[in-house]
Amino acid sequence: MTSLIGKNASGYADDGDANLLINEVVGVRGGIGEAARVGRAAAYDAFLRGLLPARDGVALLAVGGLGRRQCAPYGDLDLVLLHAGVPGTDELAASVWYPIWDAGLRLDHSVRTVSEALSVAQDDVKVALGLLDARLVVGDRALADSLIRTAADHWRRTAVRHLPGLRDVTEARWQAHGELAFLLEGDLKEAAGGLRDVGLLRAISAAGITDALRPAVRAAHRRLLDTRDALHQQVGRRVDRLVAQERDGVAALLGIDDGDALLRRVAGDARTVSHALDDAFRAADRLRSGRSRGGNGRPVRRPVARDVVEHDGELVLARTAIGARPDPSLSLRIAAAAAATRLPIARATCEWLAAYCPPLPAPWPAEARAALTTLLGAGPGLVPAWETCDRYGLVDGWLPEWTRLRSLPQHNPVHRYTLDRHLVQTAHEASRHTREVERPDLLLLGALLHDIGKGLPGDHSTVGVPLAEAVATRIGLPAAETELIGRLVRLHLLLPDVATRRDLADPVTIASVAEAVGDTGTLDLLHALVRADAAATGPAAWSDWKGRLVAELVARVRTALDTGVLPEPPAPDPALLAGPLPVVHLAEDRVAVAAADRRGLLATVAGCLALHRLEVISADASVVDGRALVECRVQPRYGLPPDPVPLRADLRRAVAGDVSVTQRLRGRALAGRGAGAAPRVVWHREAATDAVLLELRAADAAGLLYRVACALDEAGALVRAARISTLGGDVVDAFYLVGGWPDDDTRARLEAAVLAAV
């Protein structure tokens with residue numbers, strides 16, 4: 001402890017008393033639930049009272065979690081030292097702050113008079129919100145009450161004016177952190193629907209604008225606090241992001257079955273908070289709008305669509321729509337209108353639709369199908385309109401399958417959303433490509449249903465086909481269109497898988513895709529669906545090189561479908577066929593080498609590229625006019641491209657057989673071996689024209705292609721082409737081995753050599 005802790009400075013008799021209280025504070029970091037949080041607050045209060053003797057003109061106020069008695073196990077202490085201009089305030093503050101730091105506690109602090117605190121609150125809405133949670137810990141109660149009452153009164157009088165700016169700040173935070181209800185690894189505090197949004201609801205309620213803290217919101221808030229407490233306890237430090245590897249441990253602390261069940265509970269609670277905040281902000285908007293008209297103007301009503309009217313910034317049903325027998329398509333039509341106009345549906349309207357709108361018949365009427373297409377194709381308006389309808393159970397009436405899909409986690413590192421949000425987001429992304437296809441309606445429906453088989457045993461692309469076809473039949477599509485929806489679901493991964501794992505110059509590759517697709521209309525739908533699916537998955541699911549490979553595959557398959565003739569393979573770069581050997585060409589994403597015809601060239605080039613931290617995306621090896629050619633598509637492993645001068649020099653020396661370069665390559669590559677699940681080799685005998693395909697599935701690691709290519713070369717295999725596909729931390733590397741490789745024993749020895757290299 002520092003010298004500032006003493007009988008005169010802090011009220012402690014000696015350092016032993018101080019340490020005793022510190023130990024008590026640290027000891028209450030365990031525990032989950034309301035009682036544990038209140039207990040932590042009581043321990044902190046006792047600790048702080050020992051630091052500041054009660055005296056006139058000075059008060060120590062807690063704000064934030066301590067002010068609300070909702071202390072997280074490893075949360076901050078937010079404190080305000082309030083004074084009435086007494087002398088020695090700086091020394092007094094130091095006698096409080098330093099023991100807190102010495103106790104290992106995080107501290108957010110300020111020293112202010114009442115007028116200073118109010119002035120800052122007037123200019124900074126975050127400070128104003130913080131003062132709403134202010135609570136006296138020790139000191140002059142009259143001084144503290146003066147600030148607390150005045151701050152609350154000031155907020156009630158100015159909240160409507162401050163809320164638009166606060167909403168802008170909040171939406172920027174949402175943009176940065178995403179929506180907790182749909183994220184697989186969301187921030188429990190900062191994401192939309194998280195704990196910070198509950199603070200906004202509390203502030204809006206304190207302003208008297210609306211009753212934002214209804215029982216469902218309070219219950220959701222308690223569960224989110226419990227989850228945050230369990231996360232702190234699981235990790236042993238302050239952390240608010242619920243990452244995948246901690247979910248099962250947090251679930252166990254909370255008595256929940258598993259991490260998936262926890263994620264679904266968090267999603268439901270975040271939805272409750274988000275919906276309440278949307279309603280509260282709209283109530284504030286209506287209040288401000290009324291005040292701007294002096295309170296006497298009548299809200300504007302204007303028709304938006306059949307049976308749908310805009311009323312005071314929200315969509316409501318026209319009076320003529322509420323009859324003895326409502327139209328079953330009414331909920332879809334108002335959802336489509338909300339998505340198209342980007343206006344919210346009034347809560348009372350959603351509640352009425354949930355209670356009185358009859359179920360849709362099977363098959364759906366034409367106007368219901370048209371409304372669904374309008375809804376799915378509305379672009380940015382789709383997600384909020386869909387989420388509002390899902391909140392009130394309307395989506396379950398349209399698609400009974402949605403109950404299983406809602407908040408379903410996706411156990412894949414490239415995905416950022418839960419399954420339900422991913423499907424809606426894919427439809428949103430697909431709306432960008434509707435002008436590229438003959439049937440935009442089928443593209444949108446296929447996007448919504450493409451992963452419907454996930455969460456069930458088996459390959460979701462296969463399992464999902466009958467489910468998607470059942471939906472298509474129920475909504476009234478004819479048999480041919482229903483079959484096409486099933487084909488989109490079954491083949492939605494075909495283009496990216498083939499483009500990144502197969503040789504696009506091989507006629508067998510193009511012929512097999514053309515046969516599976518069948519026609520150019522389906523090809524266009526799949527191409528649009530692939531791009532939409534990737535954009536809705538996350539940044540790791542797509543890249544410029546993958547986009548180019550898919551586009552190249554689509555162009556070649558289109559030629560085959562249009563003409564019935566398989567396109568010729570691309571000719572090698574003429575520059576590689578002229579001039580003295582070796583030839584090295586470098587471009588932004590391409591490395592090409594020509595050398596004397598010898599084995600091991602692919603391994604040498606791959607190792608040299610790994611030495612310079614370049615990842616190989618695809619590689620082609622061939623022999624033309626007695627020259628061995630290797631052409632690679634590459635990308636920097638860590639974002640920055642290497643210096644081309646030493647790269648070119650190393651490549652020339654390496655392909656010329658410089659032993660020193662080879663030794664550097666082997667040492668660097670072996671040091672970069674990765675870890676993970678056991679690698680696996682899969683053989684494909686009919687996937688190439690003049691070769692057998694060996695597919696390696698393993699953990700990603702620097703130099704992996706070099707090691708495997710060396711193993712293949714040492715085992716006597718000649719690699720004609722290679723395709724490298726990275727999915728999160730795993731790779732699927734495909735090697736085209738010249739020859740038939742019919743002997744089981746020979747293949748087994750080669751497979752063992754490859755696995756040993758990995």
Side-chain angles (χ1 to χ4, degrees), residues 163-164 167 171 174 179 181 192 204 209-210 212 214 271-272 274-290 292-293 297-323 325-360 364-399 402 424 427-428 431 444 448:
L163 281 177
R167 185 171 191 169
E171 289 177 347
W174 293 344
E179 299 170 83
I204 293 173
I209 294 173
T210 184
R214 297 182 176 185
R271 274 186 160 110
T272 298
S274 290
H275 296 153
L277 189 55
D278 287 343
D279 289 343
F281 273 138
R282 289 206 296 273
D285 290 343
R286 288 193 296 272
L287 182 60
R288 187 172 60 254
S289 175
S292 69
R293 296 192 297 264
R298 300 185 62 182
V300 176
R301 290 177 64 92
R302 68 178 181 89
V304 171
R306 185 168 72 87
D307 298 328
V308 183
V309 175
E310 178 189 353
H311 175 78
D312 205 11
E314 296 180 328
L315 294 187
V316 300
L317 294 174
R319 295 183 180 92
T320 55
I322 305 175
R325 299 182 62 184
D327 180 358
S329 66
L330 192 55
S331 61
L332 268 168
R333 290 193 286 109
I334 196 167
T341 61
R342 302 191 198 179
L343 290 172
I345 307 173
R347 185 177 67 192
T349 298
C350 291
E351 292 172 345
W352 188 93
L353 289 169
Y356 299 110
C357 189
L360 285 158
W364 289 8
E367 60 181 351
R369 288 196 302 276
L372 178 63
T373 300
T374 301
L375 172 61
L376 296 178
L382 165 62
V383 172
W386 188 279
E387 174 61 14
T388 296
C389 293
D390 197 21
R391 169 188 180 185
Y392 292 95
L394 302 180
V395 174
D396 290 351
W398 311 334
L399 302 172
W402 203 253
V424 178
H428 161 56
S431 68
L444 295 170
L448 182 69

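These numbers come from the heavy atoms of this one structure, side chains and all, not from hydrogens, waters or symmetry mates.
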Worksheet item: Hey, what do you get for CG (Leu343) to CG (Leu315), rounding to the nearest 0.5 Å?
Response: 5.0 Å
Discussion item. In the structure I gave you, are the side-chain heavy atoms of Ser274 and Arg271 within less than 4.5 Å of one another anywhere?
Written reply: no
Item to complete: Starting at CG of Leu332, measure out to SG of Cys389 and round the result to the nearest 0.5 Å.
Response: 8.0 Å
Practice prompt. Provide the closest heavy-atom pair for Val316 versus Ala346 in the form atom of the first, atom of the second, distance.
Written response: CG1-CB, 3.7 Å
Item to complete: Report yes if some heavy atom in the side chain of Arg286 is under 4.5 Å from a heavy atom in the side chain of Glu314; otherwise report no.
Response: yes
Practice prompt. First locate atom CG of Asp307, then atom CG of Leu330, and finally report the distance between them rounded to the nearest 0.5 Å.
Written response: 5.5 Å
Worksheet item: Among Pro359, Pro358, Pro365, whose side-chain contact (heavy atoms from CB on, under 4.5 Å) with Pro328 holds?
Response: Pro358
Worksheet entry | Steps toward side-chain contact (heavy atoms from CB on, under 4.5 Å) verdict (Leu448, Leu399) | CA-CA 11 Å; Leu448 182 69; Leu399 302 172; 3.9 Å; yes
Worksheet item: Nearest heavy-atom pair of Glu367 and Ser329: which atoms, and what distance?
Response: OE2-OG, 3.3 Å
Worksheet item: Do Thr341 and Glu310 have side-chain heavy atoms sitting under 4.5 Å apart?
Response: no
Discussion item. So if I apply the side-chain contact (heavy atoms from CB on, under 4.5 Å) rule between Trp386 and each of Val383, Leu382, Thr388, which one comes out positive?
Written reply: Leu382
Practice prompt. Starting from the C-alpha separation in whole Å, work towards a yes-or-no answer on salt bridge (Lys or Arg N to Asp or Glu O under 4.0 Å) for Asp279 and Arg282.
Written response: CA-CA 5 Å; Asp279 289 343; Arg282 289 206 296 273; 2.8 Å; yes
Practice prompt. Compare every heavy atom of Ala338 with every heavy atom of Ala385, then report the nearest pair and how far apart it is.
Written response: CB-CB, 4.2 Å
Item to complete: Please examine the side chains of Leu163 and Ile209, heavy atoms only from C-beta on, and report whether any two atoms are closer than 4.5 Å.
Response: yes
Discussion item. Counting C-beta onward and ignoring hydrogens, is there a side-chain heavy-atom pair between Pro326 and Leu353 closer than 4.5 Å?
Written reply: no
Practice prompt. Please report the C-alpha distance between Arg319 and Val309 in whole Å, then the side-chain angles of each, then the deciding distance to 0.1 Å, and finally whether the side-chain contact (heavy atoms from CB on, under 4.5 Å) criterion is met.
Written response: CA-CA 9 Å; Arg319 295 183 180 92; Val309 175; over 6 Å; no
Worksheet item: Quick one: does Leu372's side chain get under 4.5 Å of Leu444's, heavy atoms only?
Response: no
Worksheet entry | Derivation and outcome, side-chain contact (heavy atoms from CB on, under 4.5 Å), residues Asp327 and Arg306 | CA-CA 11 Å; Asp327 180 358; Arg306 185 168 72 87; 3.7 Å; yes
Discussion item. If the threshold is 4.0 Å, N to carboxylate O, is there a salt bridge linking Glu387 and Arg391?
Written reply: no
Worksheet entry | Residue pair Ala280 / Ala212: nearest heavy atoms and the distance that separates them | CB-CB, 4.3 Å
Worksheet item: Do you know the tightest heavy-atom contact between Ala378 and Ala340?
Response: CB-N, 4.1 Å
Response to the item:
Scanning both residues in full, the closest heavy-atom pair of Ala336 with Ala371 reads CB-O, 3.5 Å
Response to the item:
Distance col, row Ile345:CD1 vs Leu317:CG, nearest 0.5 angstrom, shows 9.0 Å
Worksheet entry | Backbone N/O of Trp364 and side chain of Arg369: donor-acceptor pair under 3.5 Å | yes
Discussion item. Under the side-chain hydrogen bond (donor to acceptor under 3.5 Å, both in side chains) test against Ser331, which residue among Trp352, Trp398, Tyr392 passes?
Written reply: Trp398
